[in-house]
Amino acid sequence: MKLQYFTFALMQQQKVRVRFAPSPTGGLHLGGVRTVLFNYLFAKQHGGEFVLRIEDTDQARYVPGAEEYIIECLRWCGLNADEGPHIGGPFAPYRQSERKETYRQFAEQLVKNGYAYYAFDTTEELEAMRAKLKTPENPSPQYNHAARLQMRNSISLSAEETAALLEKGTPHVIRIKMPANEEVGFTDLIRGHVQFNTDTVDDKVLLKADGMPTYHLAVVVDDYQMKITHAFRGEEWLPSAPVHLLLWKYLGWESDMPEWAHLPLILKPDGHGKLSKRDGDRLGFPVYAMNWTDPKTNEITKGFREIGFLPEAFLNMLVMLGWNDGTGKEIFSMPEMIERFSLERVHKSGAKFDFEKAKWFNHEYIVATDNDKLAELFLPVLKEKGENASLEYISKIAGMIKERCHFVNEIWDHGFFFFQQPKTYDVAAVKPKWSAEKTQFFMDWASVLETMSDFSLETIEESFKQLATSMNIKVGELQLPFRIMLCGGKFGPTVFNIAETLGKHETIERIVKGLDAINA
RNA sequence: GCCGCGUUGGUAAAUCGGUUAAUACACCUCCCUUUCACGGAGGAAUGACGGGUUCGACUCCCGUACGCGGUACCA
């Protein structure tokens with residue numbers, strides 16, 4: 001009985017729980033989506049739960065609409081959270097701003113236990129301190145164990161002075177008191193053992209003057225209270241890991257601390273550094289998952305969804321950025337990803353984003369998508385172009401040209417002539433080898449087509465070839481002109497397929513118009 | 001400056017001490033196709049540098065260089 005209970009308790013404790021904790025400040029970066037993906041895959045693989053938590057502790061950077069936008073991005077990707085501000089859950093609220101009261105008590109507890117202290121320095125005083133201590137050898141002076149004695153805080157001040165300041169309601173923050181010369185280390189699931197000396201990290205602010213926690217306090221308190229077992233985040237957080245480690249220890253929760261994994265960064269395609277929205281603008285590709293409209297400027301930043309990415313392709317592309325299963329396999333369905341994903345095979349180094357490869361992934365998914373589905377996805381694009389057609393018609397076209405599309409939207413670029421007659425003709429492509437006989441051929445053939453009752457691919461092609469042979473003209477020499485008449489240029493699928501799809505009437509009309517254009 | 005992390009072709013990358021160092025994208029040539037794409041055949045192109053350890057290092061260790069990240073009352 002006792003053993004059974006123990007086993008049950010252990011299982012409960014081991015239930016995998018991960019979280020994605022974005023701050024609602026703007027568009028969702030593809031690196032963020034990849035972090036979600038890795039979290040999601042890990043959770044699903046272990047039958048665990050995936051939590052969405054909103055880190056909105058910085059009221060100055062808060063952007064209205066960003067939270068809804070993030071949730072919609074996740075929905076589009078199919079990476080839905082099991083708990084979150086939009087659906088609730090047993091650990092609600094999931095917005096840090098709504099948990100504000102929780103943090104203060106833990107910060108106070110840390111002060112009481114000597115692990116943190118009140119600091120009354122104003123922004124100006126902090127700036128003055130940094131300016132004073134700044135040297136070429138030390139360009140960014142820290143508020144650390146040495147500096148804190150020169151500042152106004154509950155360590156440098158007497159207990160009476162501190163109490164008086166507090167009583168007067170003097171604005172203050174609570175800072176962690178980093179110990180001197182201590183080694184703090186942990187085992188990162190991706191990087192192995194990582195160690196820091198506390199002398200090199202400063203007394204980070206835990207609770208801001210407005211009563212809101214900083215990320216450092218909030219992430220620890222929330223991960224603890226929400227029973228997070230595995231915490232994945234970008235590599236840029238690695239340097240502040242010792243702060244978090246110490247906080248877990250100082251709050252007495254060390255045995256509940258999640259396992260950490262610091263994910264490699266996604267880098268610019270050219271040069272070096274983290275991929276930013278600016279790089280996308282500069283190089284002509286999206287960085288955000290979906291279109292993001294800045295509520296202040298109304299400026300729209302293009303997203304992967306809107307340029308015609310399929311969510312499955314988007315995720316597949318992302319999972320390969322920093323991870324592989326070791327077999328060379330590149331196309332993974334969601335169930336396959338969940339099955340094969342492993343943190344051990346996540347790279348330590350950052351990966352440069354390659355838009356060409358991303359396009360290739362989308363192409364692969366478009367080819368694999370059935371034509372009816374493509375037609376549905378393309379219909380809105382078509383309407384935007386001011387045209388309309390039946391799903392059946394679009395589906396047929398999609399099947400013919402999807403091989404040459406990287407994006408759903410490109411069905412238009414490669415097949416616009418199915419929806420409208422050519423406005424211009426690439427006559428230069430046919431003129432040099434044009435002749436009166438060829439004009440005669442097309443006039444005669446148009447008459448033949450007119451009488452045709454079965455306007456099918458086979459009959460069209462057969463009559464074309466028959467007439468060409470009887471007139472002693474090479475079939476090959478007639479195909480390009482025919483293409484120009486139907487499409488206007490040197491593009492599109494097999495000509496006879498186009499003709500069949502266009503139908504008898506339209507084909508004949510285009511032959512007549514095309515002939516005019518060529519002979520003009 | 002300091003601290004941390006990293007470094008296999010242009011890009012993503014396999015290899016977990018022994019290979020002619022895979023594969024994919026991109027690029028080039030040819031074939032197919034009198035458009036393009038798909039498909040097929042081929043090509044060019046990679047272990048930052050220097051020391052160790054070892055019979056043997058891309059692989060392990062130590063330096064150096066370079067890159068990135070952090071060094072906020074932002075996350």
Side-chain angles (χ1 to χ4, degrees), chain A residues 21-25 55-58 60-61 119 121-123 126-127 130 134-144 171-175 188 190-191 194-197 199-202 204-216 218-219 233-242 262 264-265 267-274 317 320-331 345 347-361 363 367 400-405 414 426 429 433 474-481 483-484 487 489-495:
Chain A
S23 56
T25 52
E55 308 241 348
D56 57 348
T57 55
D58 187 358
R61 295 209 310 157
D121 318 282
T122 62
T123 312
L126 287 173
E127 274 167 20
R130 294 197 177 104
K134 191 170 168 177
T135 63
E137 294 76 38
N138 184 12
S140 7
Q142 297 188 313
Y143 198 119
N144 59 17
H172 63 277
V173 301
I174 292 179
R175 286 179 181 272
D188 185 277
I190 293 171
R191 281 150 221 284
V194 184
Q195 192 157 311
F196 303 83
N197 185 293
D199 280 350
T200 65
V201 357
D202 59 349
K204 289 268 179 255
V205 169
L206 264 21
L207 200 74
K208 301 187 254 190
D210 65 1
M212 279 288 198
T214 59
Y215 172 83
H216 307 295
V219 72
R233 63 192 352 176
E235 190 189 344
E236 68 266 32
W237 289 108
L238 202 44
S240 55
H262 290 88
L265 266 16
L267 278 15
K268 304 176 195 293
D270 58 339
H272 304 281
K274 279 200 285 188
M317 176 273 288
M320 296 310 290
L321 236 40
W323 173 83
N324 69 81
D325 77 343
T327 67
K329 181 178 164 71
E330 291 190 287
I331 303 295
R345 292 199 64 90
H347 269 238
K348 295 181 178 71
S349 51
K352 288 185 186 178
F353 177 67
D354 181 0
F355 188 53
E356 290 305 316
K357 185 78 185 226
K359 277 159 68 176
W360 175 79
F361 274 106
H363 170 255
V367 171
M400 274 187 264
I401 58 181
K402 64 182 180 181
E403 286 285 1
R404 60 209 82 191
C405 295
H414 290 112
D426 183 5
K433 288 168 138 186
K474 276 192 194 161
V475 173
E477 295 213 359
L478 292 165
Q479 281 190 24
L480 185 63
R483 174 179 300 284
I484 305 293
C487 314
K490 294 197 276 184
F491 37 71
T494 316
V495 269

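Sequence lines set the chain letters: A, B, ... in the order given, protein chains first and strands last, and positions in each chain run from 1.
A:R345 comes within contact range of the sugar-phosphate backbone alone, with a heavy-atom separation under 4.0 Å but no base atom that close. At the heavy-atom level, A:Q195 lies under 4.0 Å from the strands shown only through sugar-phosphate atoms. Counting any heavy atom pair closer than 4.0 Å across all strands shown, A:N138 reaches a base atom. Among the protein residues, A:I484 comes within range of no part of the nucleic acid, since none of its heavy atoms lies under 4.0 Å from any strand. Residue contacts for A:D426: at a heavy-atom cut-off of 4.0 Å it reaches no nucleic acid atom on any strand shown. If you check every strand for non-hydrogen atoms under 4.0 Å, A:P493 touches a base. Residue-level contact check: A:S140 touches the bases, meaning some heavy atom is under 4.0 Å from a base atom. Within the nucleic acid shown, A:V194 comes within 4.0 Å of sugar-phosphate atoms alone, with no base atom in reach, counting heavy atoms only. Residue-level contact check: A:F196 touches the backbone only, with heavy atoms under 4.0 Å from sugar-phosphate atoms and none from bases. When heavy atoms are screened at a 4.0 angstrom cut-off, A:P136 is found touching the sugar-phosphate backbone but no base atom.
A:H272 has no side-chain polar atom (N or O) that falls below the 4.0 Å cut-off from OP1 or OP2 of B:rU11. Checking the phosphate oxygens (OP1, OP2) of B:rU34, a side-chain nitrogen or oxygen of A:Q479 falls inside 4.0 Å.
Counting to the nearest Å, the P atom of B:rA72 and the CG atom of A:D121 are 14 Å from each other. To the nearest angstrom, P of B:rC3 lies 16 Å from NZ of A:K204. What separates NZ of A:K348 from C1' of B:rC58 is a distance of 14 Å, to the nearest Å. Atom CG in A:L207 sits roughly 11 Å away from atom P in B:rC74 (whole-Å rounding). Going from atom OH of A:Y215 over to atom P of B:rA72 covers 17 Å, rounded to whole Å. In this entry the distance linking CZ of A:R175 with P of B:rU71 reads 13 Å, nearest Å. One atom, NZ of A:K268, and another, C1' of B:rG69, lie 13 Å apart when rounded to the nearest Å. The NZ atom of A:K274 sits 14 Å away from the P atom of B:rA75 (whole-angstrom rounding).
Below the 3.5 angstrom threshold, one finds no donor paired with an acceptor across the side chain of A:K352 and the base of B:rA12.
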